[in-house]
*Asks:* 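Structure in structure tokens, see below.
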Amino acid sequence: MVAPLRKPGRRPMTDINVTPFVDILLVVLIAFLVTSTLVAEEQIPIDAPEAATGEDGTLSLAIVRTNGGQTYLDGALVDQVGIRKAIRAARATGREVACLVGADGDVPHREVMALVDLVRQEGVVRFGILVTPVPVPPDADRDLP
């Protein structure tokens, strides 16, 4: 004789067990969060000048000039008109706009100054210069103003 599949008097289980589903979703969410930070760290490959007094931090708009003559705004290839439009759009929000201006180490100084001038023409008074941080020499006098 064959044994019954379920005990007499018990109803079959018809509910879905969501615990394994939630576990899988949490693992996928954690994997997404970890990989999204790696994707966000992609940068334009330039050889920025070194400076011991460089500061970490992000500013509103990042403008970078490569050795090949391309200009990038927040990682997207742009021209001067695109930079002006982006600055005007950022200023239209009513908040203070700051720019980070950077260039490859082999880019002539006049091209970097042209970027700074372009930013200042659009009314941006706060800007930073992109550098590669290096340690401060031990013989540097940090007490000077």
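Residue numbers run from 1 in the order of the sequence given.
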*Asks:* Identify the heavy atoms of Arg65 and Val107 that sit nearest to each other, and give their distance.
*Replies:* O-CG2, 3.8 Å
*Asks:* Can you tell me if CD on Gln121 sees more than 12 non-hydrogen neighbours from other groups inside 6.0 Å?
*Replies:* yes
*Asks:* Roughly how far apart are Arg110 CZ and Asp117 CG, rounded to 0.5 Å?
*Replies:* 13.0 Å
*Asks:* Just jot down the side-chain contact (heavy atoms from CB on, under 4.5 Å) partners of Thr93, sequence neighbours excluded, or say none.
*Replies:* Arg95
*Asks:* With a 6.0 Å cut-off (strictly less than), is the heavy-atom count around CZ of Arg84, excluding the residue itself, greater than 12?
*Replies:* yes
*Asks:* Stepwise, does the side chain to side chain contact (heavy atoms under 4.5 Å, CB included) test hold for Asp74 with Leu61?
*Replies:* CA-CA 6 Å; Asp74 292 336; Leu61 301 171; 3.6 Å; yes
*Asks:* First locate atom CD of Glu122, then atom CZ of Arg91, and finally report the distance between them rounded to the nearest 0.5 Å.
*Replies:* 7.5 Å
*Asks:* With a cutoff of under 4.5 Å between side-chain heavy atoms, which Ile, Leu, Val, Met, Phe, Trp and Tyr residues group with Val28?
*Replies:* Ile24
*Asks:* Of all the heavy-atom pairs spanning Ile63 and Cys99, show the shortest one and how long it is.
*Replies:* CD1-SG, 4.3 Å
*Asks:* Hey, could you give me the NZ/CG distance between Lys85 and Leu73, rounded to the nearest 0.5 Å?
*Replies:* 12.5 Å
*Asks:* State the CG-CD distance between Leu115 and Gln80, to the nearest 0.5 angstrom.
*Replies:* 7.5 Å
*Asks:* Does the side chain of Ile83 come within less than 4.5 Å of Ile87's, by heavy atoms?
*Replies:* yes
*Asks:* Heavy atoms only: give me the nearest Tyr72-Leu77 pair and the separation to one decimal.
*Replies:* CD2-N, 3.6 Å
*Asks:* Can you name the residues that form a side-chain contact (heavy atoms from CB on, under 4.5 Å) with Val22, not counting sequence neighbours?
*Replies:* Leu26
